[in-house]
Chemist: 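Quick one: the structure is below, and I'll ask about it shortly.
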Amino acid sequence: MFHPRACPCGFLGDSVHRCSCKQAEIDSYKRKISGPLMDRIDMQINLSRVEFSELKTKEKGESSAAIRERVVKARLLQQERLEALGMHCNAQMGRSEVVKYCQLDAAAQNVMERYFNMLNLSARSHDRILKVARTIADLAGSENIEAVHLAEAIQLRTSVRP
């Protein structure tokens, strides 16, 4: 799936600048990247313009040190899980490892089935979503992939809000 705001001028959906492209130009631009290529991109994140007032907010987010600690823990967990297979992270898993380590409960399975059918996802997309969901669960410290982890992975993969 191509970025939904993509267009030749770069302003489609921008809150400040008006897009000057015709619909035919936008459609043509979006067709330039093939489905099989996009199928190999695990995460697609839409970013919108940051307003000046947002930069001045006093609200503090999670510190880089805290994020780093969470990432290091998740990476160690992945290494321990996969080291006997000669792998060190979820991205390296093949189909058999995905089946073994990315099992879904009934709620998560329902989410996957719904979006798999609705978005006409490929088998490759299915497995890549599961690997991203496994990583999200690892970052959350969860042993199991829950529906919320899967929904986040689907959103990152497809730019669709589950």
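When reading the values below, keep in mind they use all heavy atoms of this one structure, side chains included, and skip hydrogens, waters and symmetry mates. Owing to the predicted nature of the structure, the values given are computational and were not obtained by experimental measurement.
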Chemist: Return the CZ to CZ distance between R81 and R134, rounded to the nearest 0.5 Å.
Modeler: 4.5 Å

Chemist: What's the shortest heavy-atom distance between I145 and L130, and which atoms?
Modeler: CD1-O, 4.0 Å

Chemist: Within a strict 4.5 Å, meaning less than it, do heavy atoms of the F116 and H126 side chains meet?
Modeler: yes

Chemist: Is the number of heavy atoms from other residues, nucleotides or ligands under 6.0 Å of E25 CD greater than 12?
Modeler: yes

Chemist: Which distance, rounded to the nearest 0.5 Å, do you find between the CG of D127 and the NZ of K131?
Modeler: 7.0 Å

Chemist: Report yes or no: do V111 and V148 belong to one cluster of Ile/Leu/Val/Met/Phe/Trp/Tyr joined by side chain heavy-atom distances under 4.5 Å?
Modeler: no

Chemist: Where do A137 and H149 come nearest, in terms of heavy atoms and distance?
Modeler: CB-ND1, 3.6 Å

Chemist: For side-chain contact (heavy atoms from CB on, under 4.5 Å), just list the numbers for I67 and R70, CA-CA rounded to whole Å, side-chain angles, deciding distance to a tenth of an Å, and then say yes or no.
Modeler: CA-CA 5 Å; I67 294 169; R70 205 163 18 98; 3.9 Å; yes

Chemist: side-chain contact (heavy atoms from CB on, under 4.5 Å) for V132 and R157? Distances and angles first, verdict last.
Modeler: CA-CA 9 Å; V132 171; R157 174 86 180 169; over 6 Å; no

Chemist: Apply side-chain contact (heavy atoms from CB on, under 4.5 Å) to R68 and S63, showing your working.
Modeler: CA-CA 9 Å; R68 183 181 193 287; S63 73; over 6 Å; no

Chemist: Can Y101 be reached from V99 by stepping across I, L, V, M, F, W or Y side chains whose heavy atoms are under 4.5 Å apart?
Modeler: no

Chemist: Please name the pair of heavy atoms, one in C21 and one in C9, separated by the smallest distance, quoted to 0.1 Å.
Modeler: SG-N, 3.4 Å

Chemist: Could you go through the side-chain contact (heavy atoms from CB on, under 4.5 Å) check for R75 and C89 one step at a time?
Modeler: CA-CA 7 Å; R75 291 292 293 220; C89 68; 4.1 Å; yes

Chemist: Could you measure the distance from the SG atom of C19 to the CG atom of D14? Nearest 0.5 Å is fine.
Modeler: 9.5 Å

Chemist: Do L119 and L104 land in one hydrophobic cluster if side-chain heavy atoms of ILVMFWY residues count as linked below 4.5 Å?
Modeler: yes

Chemist: Of all the heavy-atom pairs spanning I129 and A153, show the shortest one and how long it is.
Modeler: O-CB, 3.5 Å

Chemist: Have a look at Q92 and tell me which of Q78, M87, E97 forms a side-chain contact (heavy atoms from CB on, under 4.5 Å) with it.
Modeler: M87

Chemist: Only counting residues at least two apart or in another chain, list the ones meeting ring pair (Phe, Tyr, Trp, His ring centres under 6.0 Å) with H88.
Modeler: none

Chemist: Under a 3.5 Å cutoff, is there a donor and acceptor pairing between the side chains of N144 and D105?
Modeler: no

Chemist: With clusters defined by side-chain heavy atoms of hydrophobic residues (ILVMFWY) lying less than 4.5 Å apart, directly or transitively, does L77 cluster with L82?
Modeler: no

Chemist: To the nearest 0.5 Å, how far apart are CD1 in I26 and CG in L12?
Modeler: 4.5 Å

Chemist: Restricting to non-hydrogen atoms, name the atom on Y115 and the atom on I154 that form the minimum distance, rounded to 0.1 Å.
Modeler: CB-CD1, 4.0 Å

Chemist: Check whether the side chains of Q23 and D27 place a donor and an acceptor atom closer than 3.5 Å, and report yes or no.
Modeler: yes

Chemist: If you group Ile, Leu, Val, Met, Phe, Trp and Tyr by side-chain heavy-atom gaps below 4.5 Å, do V71 and I136 land in one group?
Modeler: no

Chemist: Under the side-chain hydrogen bond (donor to acceptor under 3.5 Å, both in side chains) rule, collect the residues that match up with R128, sequence neighbours excluded.
Modeler: D42

Chemist: Are more than 12 heavy atoms from other residues, nucleotides or ligands located less than 6.0 Å from atom CD of E54?
Modeler: yes

